[in-house]
Amino acid sequence: MGPMPANLTPDYKKAEAAYRRARDPNERLELLQEMHRTIPKHKGTEHLRADIKTKIKELRDELAGPTKGGARSGPPTFIRPEGAAQVAIIGPPNSGKSSLHAALTGSHTHVGAYPFTTQFPEPGMLDIDDAQIQLVDLPPISSQHPIAWLGNTLQSADGALLVVDLGQPGCVEMIVEAREILAERRVTLTGTWDLSRSLNDDPFAIRLPTLLIANKADAIPAIEEDLDVCRELGDLHFPTMVVSTETGDGIDAIGPWLFRNLEIVRVYTKVPGKEPDMDRPYTVRHGATVGDVSLLVHRDLAASFHHARIWGQGSYDGQQVGKEHVVEDGDILEIHA
Ligand SMILES: Nc1nc2c(ncn2[C@@H]2O[C@H](COP(=O)(O)OP(=O)(O)O)[C@@H](O)[C@H]2O)c(=O)[nH]1
Ligand SMILES: [Mg+2]
């Protein structure tokens, strides 16, 4: 994809910005159609227009469900995001992705001693204190098992756990291959966990902040050395954790690490004159505003919003704030409509 085409109209830019933020597949489809309607039709936008058309077709097919011999069947291939963030579990075959998913979420996804046990994306929730992160187990990323829907499914992910088994012969090659397959779908794995993925020129490119999980520590005696070799040969620059889903070693550190690095912010709400509800926070990511939280509370509330009062860690003690005010972890919010 070349540089951003010139002469894009404000209407188009607005639709594109909304598309990048949108998580709901139906909303994404509507916004793609809006992009298609508003994009200026000239030579310079030819590639982008073709991309938009392709995306519309892909998303329509995806929303219709997988087809087998013409009849619709099988589970959905996209997972509607729930909780504070969505993290995809990816990697080569048999590295322990499903085992990790089961250990972290209590799911009973298909674990098997043979590759390609997992066929469809499988959601599950990981609890961290009173917040939740959605983990999506996925089939292996391998040339032996191409998955047409992979790029679309990853579109809604906020990050990835790249699970590897360093004891497997050809582990490095499998990781390199997985990254090449992802690159074909314009998915880049990055070791940088900031919120810069939307700074990309290409609206259909995905930058996934990635945590490398070296699994099966119980079965690999010199795992730290293997890891160094793998990092060097595979040119991997990811933060890394060594774990064993078999013994549980290292597993408990993953949730808090994700919570911190996804910069999840918990906001508690209260009704005027009542105590705050400290059991069930609304969760957003760093940088989100009072307006974003009120949207989570209720769509109508966001529309009829007048002001809010906020209690927080810093200097806020019932102070009146507007929609644009940025919330912090642990804030208590009282919204006035
Ligand atoms: N020794 C050992 N085996 C593991 C570990 N985690 C998973 N396995 C085994 O590795 C195989 C593949 O696991 P699975 O979770 O299905 O891998 P996936 O294909 O990546 O989803 C199974 O036989 C698991 O029992 C681990 O931490 N240690
Ligand atoms: Mg699996």
Side-chain angles (χ1 to χ4, degrees), residues 66 74-79 86-126 133-154 157 159-182 185 187 189 208 210-227 230 234 236 238-255 257-258:
T77 56
F78 63 85
I79 302 295
Q86 187 186 68
V87 174
I89 302 185
I90 57 173
N94 250 355
S95 59
K97 296 178 295 300
S98 297
S99 304
L100 183 71
H101 188 263
L104 290 174
T105 68
S107 74
H108 301 278
T109 57
H110 313 278
V111 174
Y114 44 92
F116 310 115
T117 310
T118 309
Q119 297 287 342
F120 289 99
E122 182 82 42
M125 299 309 281
L126 162 63
I133 293 173
Q134 186 182 47
L135 296 184
V136 181
D137 188 22
L138 290 166
I141 302 175
S142 152
S143 60
Q144 285 171 274
H145 185 75
I147 312 164
W149 43 264
L150 186 67
N152 270 330
T153 304
L154 290 175
L161 300 177
L162 175 57
V163 183
V164 301
D165 171 2
L166 294 169
Q168 232 168 351
C171 175
V172 176
E173 288 77 7
M174 284 194 273
I175 299 170
V176 170
E177 183 186 88
R179 292 183 87 178
E180 281 167 6
I181 291 169
L182 289 171
R185 314 282 163 81
V187 179
L189 305 183
L208 276 186
T210 299
L211 173 64
L212 182 68
I213 304 283
N215 186 32
K216 309 198 186 183
D218 61 285
I220 308 168
I223 193 163
E224 293 289 349
E225 282 134 66
D226 292 345
L227 194 52
C230 172
L236 304 178
F238 304 117
T240 306
M241 281 192 192
V242 174
V243 308
S244 165
T245 62
E246 190 91 354
T247 64
D249 271 356
I251 296 292
D252 290 345
I254 297 175
W257 192 98
L258 287 174

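Starting from 1, each residue takes its place in the sequence as its number. What you see is a predicted model; the values in this text were computed from it and never measured. In each ligand, atom 1 is the first atom listed, and ligand 1 is the first ligand listed.
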Ranking Pro93, Ser99, Pro139 by closest non-hydrogen atom to atom 13 (O) of ligand 1, top hit is Ser99

Sequence neighbours excluded, the answer for side-chain hydrogen bond (donor to acceptor under 3.5 Å, both in side chains) partners of Thr240 is Arg231

Closest to atom 17 (O) of ligand 1 by heavy-atom distance, out of Ala102, Gly91, Gly96, Ala217, is Gly96

All heavy atoms of Pro239 vs all of Leu211, minimum pair found to be O-CD1, 3.4 Å

Min over Ile251, Leu100, Thr245 of heavy-atom distance to atom 5 (C) of ligand 1 lands on Thr245

When Leu135, Ile133, Val136, Asp137 are each screened for side-chain contact (heavy atoms from CB on, under 4.5 Å) with Thr105, the one that passes is Leu135

Looking only at heavy atoms, the pair that brings Ala214 and Ile223 closest together is O-CD1, 4.0 Å

Per-atom filter on ligand 1: closer than 4.0 angstrom to a heavy atom of Lys97 are 15 (O), 17 (O), 18 (P), 19 (O), 20 (O), 21 (O)

Within the 2.8 Å cut-off the protein N, O or S neighbours of the Mg ion (ligand 2) are Ser98 OG, Thr118 OG1

Any heavy atom of Asp218 under 4.0 Å from ligand 1? The part involved is side chain

All heavy atoms of Pro92 vs all of Val164, minimum pair found to be CD-CG1, 4.4 Å

Minimal heavy-atom distance between Gly167 and Ile220, with the atoms involved, is N-CD1, 3.3 Å

Exactly one candidate in Ile251, Val163, Leu100 meets side-chain contact (heavy atoms from CB on, under 4.5 Å) with Asn215; the answer is Val163

At under 4.0 Å between heavy atoms, what of Thr247 touches ligand 1? The answer is neither

Applied to residues 163-182, the salt bridge (Lys or Arg N to Asp or Glu O under 4.0 Å) test, sequence neighbours excluded, yields Asp165-Lys216

Nearest heavy atom to atom 21 (O) of ligand 1, choosing from Pro92, Gly248, Ser98, belongs to Ser98

For Ser244, the atoms of ligand 1 under 4.0 Å from one of its heavy atoms are 27 (O)

In ligand 1, the atoms that come under 4.0 Å of a heavy atom of Ala219 are 1 (N)

Heavy-atom proximity to atom 19 (O) of ligand 1, picking from Ile220, Asp165, Asn94, Asp249, points to Asn94

Would you say Ser95 touches ligand 1, if touching means a heavy atom closer than 4.0 Å?
yes

Mind listing the side-chain donor-acceptor pairs of residues 242-250 below 3.5 Å, one per line with the distance, residues two or more places apart or on another chain?
residue: Ser244; atom: OG; partner: Asp218; partner atom: OD1; Å: 2.7
residue: Ser244; atom: OG; partner: Glu246; partner atom: N; Å: 3.2
residue: Ser244; atom: OG; partner: Thr247; partner atom: N; Å: 3.0
residue: Ser244; atom: OG; partner: Thr247; partner atom: OG1; Å: 3.2
residue: Thr247; atom: OG1; partner: Asp249; partner atom: N; Å: 3.2

Separation between CG (Leu258) and CE (Met241), nearest 0.5 Å, reads 7.0 Å

**Side-chain (His101) to main-chain (Glu122) donor-acceptor, under 3.5 angstrom** = yes

